[in-house]
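To keep things clear, I will list the structure first and then write my remarks on it.
Order of the sequence lines sets the chain letters (A, B, ...), proteins ahead of strands, with each chain counted from 1.
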Number of protein chains: 2
Amino acid sequence: MSAHERPLRADARRNRELVLDAAGELFAQRGDAVQMDEIAERAGLGVGTLYRHFADKQALLAAIIGRRFEAMTALARAADETEDPWTAFETLLHGYLEAAQADAAFRFALLGPEEPRWSDIAAEKTDFAEITERVVRRAADAGRLRADFCAQDFTLITRGAMANMTGTGDWRRYVALLLDGIRERPGT
Amino acid sequence: MSAHERPLRADARRNRELVLDAAGELFAQRGDAVQMDEIAERAGLGVGTLYRHFADKQALLAAIIGRRFEAMTALARAADETEDPWTAFETLLHGYLEAAQADAAFRFALLGPEEPRWSDIAAEKTDFAEITERVVRRAADAGRLRADFCAQDFTLITRGAMANMTGTGDWRRYVALLLDGIRERPGT
DNA sequence: TAGGAACCGGAGTTCAGGTTCATCTTATGG
DNA sequence: CCATAAGATGAACCTGAACTCCGGTTCCTA
């Protein structure tokens with residue numbers, strides 16, 4: 001826990017990366033149903049090595065999800081730099097969902113019963129929430145989103161979409177339906 | 001498997017019901033995370049008795065979910081008897097979601113990775129799909145739903161809503177947003 | 001380049017939870 | 001009221017998957 005630990009030995013650093021990569025790929029494919037032995041094998045290491053780097057399966061999973069949240073934050077930041085508020089919003093939403101589709105572990109984590117744990121971790125380590133809030137606000141202020149739309153609603157939408165990524169349903173259609181409900185309409 | 005089995009002994013029939021009730025309540029509260037021993041205790045029986053009536057945990061869970069689907073079918077049938085097509089649709093949607101909120105096992109089953117198993121079982125044993133299809137069609141034909149709305153979309157909506165029932169999000173707001181996207185609008 | 005700390009491997013341990021089965025109990029038909 | 005088959009019981013068993021542990025290996029520094 002001391003702040004100044006000597007840097008990892010070269011092989012340890014390399015192996016840590018191998019573990020992260022293997023776990024990332026397997027978790028993304030099949031959620032937390034993958035076994036530690038499988039991850040070790042895919043990484044070309046022994047299980048013991050996994051446990052040298054991560055206290056337990058949860059910790060490894062948390063590291064992977066943390067990574068994904070960092071990527072999501074980069075995404076949000078990029079979207080926020082887009083000129084047009086509506087484009088920014090759409091870019092963020094689609095980028096987020098596209099990434100979520102490719103990562104089962106992320107989806108299961110956010111949909112599972114022990115949320116809000118993950119969101120809290122994300123909030124501690126990244127600015128995802130703040131940036132998203134800004135993007136949403138910009139779109140609402142510009143009159144492109146219904147006036148009462150808020151960041152919470154972004155979560156509602158993404159959760160709903162992710163729930164439709166398992167199975168046969170067409171989540172893009174679902175998002176399209178939703179967008180029709182949240183876009184500001186001149187006619188009303 | 002023969003069609004003519006002698007009726008269950010009185011105590012057996014009673015116990016079967018006790019098991020179903022206990023399992024129904026516990027599964028509804030906590031999904032399939034409950035243990036067989038817990039169910040047995042709640043029912044005031046030994047585990048062995050559960051296994052006399054149901055081959056394994058899956059079978060018991062299937063029985064419970066089957067029950068729920070029967071209730072859902074009754075709901076749909078009632079809604080279909082409503083005069084106004086839009087009221088019928090709304091009644092079905094809300095009834096379904098209200099019931100889903102009270103039953104975690106049902107939600108997890110329909111959201112989990114091994115869907116479409118459950119829907120198939122439901123289709124074999126009930127008319128839920130057909131009736132829902134009719135209700136949806138009526139609302140669409142009456143011009144109260146956007147013309148391209150189909151029964152599949154009903155599934156998309158319910159899955160999305162159910163995904164927002166775990167955690168802190170407000171799924172009713174979510175449904176409201178969606179309805180705005182789905183309703184036929186004179187203005188367009 | 002030698003000493004030793006850090007690291008690795010993977011067979012073996014542990015444990016939780018589903019499932020069984022030998023034994024006891026009870027409903028039911030005669 | 002008995003005989004007996006159906007039913008109930010729960011301690012013991014089994015399985016699978018997370019985790020440990022220590023002998024062997026590798027990197028690093030002086």
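Note: B:Trp171 and B:Tyr174 fail the aromatic proximity criterion, with ring centroids not under 6.0 Å apart.
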How does each nucleotide of nucleotides 2-8 of chain C score, in 5' to 3' order, for protein heavy atoms under 4.0 Å: base (B), sugar-phosphate only (S), or none (-)?
---BBBB
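Rounded to a whole Å, the OH atom of B:Tyr51 is 16 Å from the P atom of D:dC14. Summarising the geometry, the separation between CG on B:Leu26 and C1' on C:dG17 is reported as 16 Å, rounded to the nearest angstrom. For B:Gln58 and C:dG18, the CD to C1' distance is 12 Å, given to the nearest whole Å. C:dG12 atom P lies 14 Å from atom CG of A:Asp37, rounded to whole Å. Protein atom CZ of B:Phe54 is 12 Å distant from nucleotide atom P of D:dA8, rounded to whole Å. Rounding to whole angstrom units, CD1 of residue B:Ile39 and P of C:dG17 are separated by 13 Å. Nucleotide C:dG9 holds its C1' atom 14 Å from the CD atom of A:Glu41, rounded to whole Å.
Nucleotides of DNA chain C nearest to A:Gly44 and B:Asp56 differ in position, and the one nearer the 5' end is that of A:Gly44. For the pair B:Met36 and B:Arg14, both in contact range of DNA chain C, the more 5′-proximal nearest nucleotide belongs to B:Met36.
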Check step by step if salt bridge (charged side-chain N to carboxylate O under 4.0 Å, His left out) holds for B:Arg138 and B:Glu83.
CA-CA 10 Å; B:Arg138 273 177 60 205; B:Glu83 214 74 27; over 6 Å; no
What do the steps show when you test B:Asp153 against A:Arg173 for salt bridge (charged side-chain N to carboxylate O under 4.0 Å, His left out), and what is the final call?
CA-CA 8 Å; B:Asp153 294 332; A:Arg173 161 142 177 100; 2.3 Å; yes
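For A:Ala10, the listed nucleotide lying nearest its side chain is D:dC27; candidates were D:dC27, D:dA11, D:dT20.
For A:Arg16, there are no salt bridge (charged side-chain N to carboxylate O under 4.0 Å, His left out) partners two or more places apart in sequence or in a different chain.
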Result block: side-chain N/O donor-acceptor pairs under 3.5 angstrom for residues 58-70 of chain B, not counting sequence neighbours:
| residue | atom | partner | partner atom | Å |
| --- | --- | --- | --- | --- |
| B:Arg67 | NH2 | B:Glu17 | OE2 | 3.0 |
| B:Arg68 | NH1 | B:Asp103 | OD2 | 2.9 |

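Tracing side-chain contacts under 4.5 Å through hydrophobic residues (I, L, V, M, F, W, Y), one reaches A:Leu75 starting from A:Phe128; they form part of the same cluster.
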